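This report concerns only the one structure given below.
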Protein chains: 2
Amino acid sequence: MAKVNKTKYALLGILNHTSGSGYDIKKVCDSSIGHFWNENFGHIYPVLQRMEDEGLITKEVQQNEGRPAKNIFSITEKGKEELDKWLLLPIEREPIRSELLLKIFLSRDVPVKKIIERIREIKSDSEKDLIKYSEIDGILRSGEVKVDKKSLVLWLTTINYGKQSEEAKIKWCDETIKSLEEIEDL
Amino acid sequence: MAKVNKTKYALLGILNHTSGSGYDIKKVCDSSIGHFWNENFGHIYPVLQRMEDEGLITKEVQQNEGRPAKNIFSITEKGKEELDKWLLLPIEREPIRSELLLKIFLSRDVPVKKIIERIREIKSDSEKDLIKYSEIDGILRSGEVKVDKKSLVLWLTTINYGKQSEEAKIKWCDETIKSLEEIEDL
DNA sequence: GTATCCATGTAACCAGTTACATGATTGC
DNA sequence: GCAATCATGTAACTGGTTACATGGATAC
C-alpha cells in the first residue's frame with residue numbers, strides 16, 4: 001500500500017471551509033492549524049494543480065488592482081465526497097520518530113549535567129508553548145473569531161490537545177531531571 | 001539547510017552500544033526503541049553501506065553454520081566522534097503533522113456521534129499502550145535486562161515519556177467526549 | 001506441509017523540503 | 001532605502017516506504 005498523500009486532504013478540508021488561493025491556504029496552515037499541521041509552497045502548488053486535474057477542485061482567476069492576480073480554488077462535489085470519505089476513515093497510526101527520545105536513549109556517554117541542561121531547555125520551550133495555547137484559547141472563546149458553534153468546539157479541542165501534551169511534557173521534564181540528578185555522579 | 005538524515009545517527013547510536021548486522025539493528029528498532037523510533041530494511045542497508053564508505057563504521061563478515069552469513073558492523077573512532085557531536089546538538093523541533101487533529105479540525109460536517117465513536121477508539125488504543133508501557137517498565141526494573149545503571153535510568157525515562165503522553169491523551173479524550181456530548185444535537 | 005525466522009539487498013516510487021526566480025506594493 | 005507582504009511557481013534533491021527477489025533452517 002502506497003503512502004497516502006495527506007496534503008491533499010488538508011488542502012481539500014481547508015477549501016471546504018473557504019475557497020481561496022494557494023497563498024491563502026498557506027496562511028491558514030501557518031496560523032490556525034500551525035500547531036499541528038504544516039505545509040509549504042513547494043508542495044501546495046503542485047498538489048492543487050493535480051487536484052484540479054482530478055476534478056476535486058476548480059480554479060478561477062481573480063484579477064486585483066495593484067496586486068498580483070490570484071488563483072481562487074473551490075471544492076467540487078467530487079472533492080467534497082472524497083474529503084468526507086477520508087474523514088470517516090480510521091486515523092492511521094503513523095510511525096513515530098522522536099529525536100528527543102532517541103538522543104536520551106543513546107546518551108550513555110554524555111555527561112549527566114549536559115543532559116539535564118538539555119531537558120531544562122525542553123521544559124522552557126514547553127512552558128512558552130503552553131502560554132501560547134492559552135492565548136489562542138482566549139481569543140477563540142472571546143467571540144472575536146466568526147465561526148459556527150460546532151467548529152468552535154472542534155477547534156478548541158485541538159488547542160486543548162496541545163495544552164494537555166505540553167503539560168505532560170513539563171511533568172516528564174521535572175521527573176526526568178529529578179532522576180538524572182540522583183545519578184549525577186555516575 | 002538540507003534535511004538531516006537521522007537514520008544515520010540512530011544506526012550509529014545502536015552500533016555504539018553493540019556491534020551487529022542490519023538485521024540485528026532492525027530488531028532493536030522493533031523492540032527496544034519501537035515506541036519512539038522506526039526503521040525499515042529498505043533504508044537500513046543502503047545507509048549502512050554509505051556509512052562504511054564514509055569510514056564511520058567497519059564491516060566484518062561472520063560465517064555461521066546452517067545460517068546465512070552476517071555482516072557485522074562496528075563503530076569507528078570517527079563514527080563515535082560524529083555521534084557524540086550530534087548528541088550534543090540541540091534537539092530539532094520537527095514540524096508536527098497530526099492526522100488526528102487535522103481530522104477533528106475539519107469535521108464540521110461529520111455527525112457528532114461519529115466523532116465521539118472515533119475518539120473512544122483513540123482512547124481505547126491509548127489505554128492499551130499505557131498497559132504496554134507499564135509492562136516494559138516492570139521488565140526493565142526487574143533487573144532481567146543486563147544494562148549499566150545510567151542507561152537503565154535513561155531508558156526508563158523514555159518509557160515514562162510514553163506513559164505521560166498516553167495519560168494526557170486519555171484525559172484529552174475524556175474532556176473531548178464530554179464537550180462533544182454537550183453539542184450532540186447540533 | 002506450511003509458516004515463521006534468519007539474512008541481505010535492490011528498484012520503483014512518493015512525499016515533502018529548500019532554494020531559486022520574479023516582481024509589484026506597502027509600511028517604517 | 002529597506003524589509004515585509006502579496007502571489008505563483010519550478011527544479012533539484014533526499015528521506016523514507018513498499019514490494020520484490022532469494023533461499024536455507026526450524027518449529028508446529
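What's counted below: heavy atoms across the whole structure, side chains too, no hydrogens, waters or symmetry copies. Please read all numbers here as calculations on a predicted model, not as lab measurements. Proteins come first, then strands; the chains are lettered A, B, ... in the order of their sequence lines, and each starts at number 1.
Looking at heavy atoms from C-beta onward, A/Y161 lies in side-chain contact with B/L100 at the 4.5 angstrom threshold. Between B/H35 and B/K132, the closest side-chain pair of non-hydrogen atoms is not below 4.5 Å.
Closest to the side chain of A/Y45, out of C/dA7, D/dG15, D/dG9, is D/dG9.
Put simply, B/Y23 has no side-chain N or O that comes within less than 4.0 Å of OP1 or OP2 on C/dT8. Dashed line: the shortest gap from a side-chain N or O of A/T7 to OP1 or OP2 of C/dA15 is not under 4.0 Å. The shortest distance between the side-chain N/O atoms of B/R67 and the OP1/OP2 oxygens of D/dT26 is not below 4.0 Å. Checking the phosphate oxygens (OP1, OP2) of C/dA15, no side-chain nitrogen or oxygen of B/R97 falls inside 4.0 Å. A close approach under 4.0 Å does occur between a side-chain nitrogen or oxygen of A/N71 and OP1 or OP2 of D/dG9. Residue A/R50 places at least one side-chain N or O under 4.0 Å from the OP1 or OP2 atom of C/dA15. Checking the phosphate oxygens (OP1, OP2) of D/dT17, a side-chain nitrogen or oxygen of B/N38 falls inside 4.0 Å. When the side-chain nitrogen and oxygen atoms of A/N5 are compared with OP1 and OP2 of C/dG16, one or more of them lie within a distance under 4.0 Å.
In this structure, B/E52 atom CD and C/dG9 atom C1' are separated by 14 Å, rounded to whole Å. Distance A/Q63 CD to D/dT8 P: 11 Å, rounded to the nearest Å. Nucleotide C/dC6 holds its P atom 9 Å from the NZ atom of B/K70, rounded to whole Å. For A/H43 and C/dA19, the NE2 to C1' distance is 16 Å, given to the nearest whole Å. Going from atom CD1 of A/I44 over to atom P of D/dA7 covers 14 Å, rounded to whole Å. Rounded to whole angstrom, the span from the CD atom of B/E94 across to the C1' atom of C/dG16 amounts to 14 Å. Rounded to an integer number of Å, the gap from A/E39 CD to D/dT8 C1' is 16 Å. Counting to the nearest Å, the C1' atom of C/dA7 and the CG atom of B/D24 are 10 Å from each other.
Side-chain N/O atoms of A/E60 and A/S74 include no donor and acceptor closer than 3.5 Å. Defined by atom type and a distance below 3.5 Å, a donor-acceptor pair is present between the side-chain atoms of B/T176 and B/W172.
Each of A/F41 and B/F41 was assigned the nucleotide of DNA chain C with the nearest heavy atom; the assignment lying further toward the 5' end belongs to B/F41.
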Given side chain to side chain contact (heavy atoms under 4.5 Å, CB included), test A/E175 with B/K163 step by step and report yes or no.
CA-CA 12 Å; A/E175 290 179 8; B/K163 277 198 206 169; over 6 Å; no

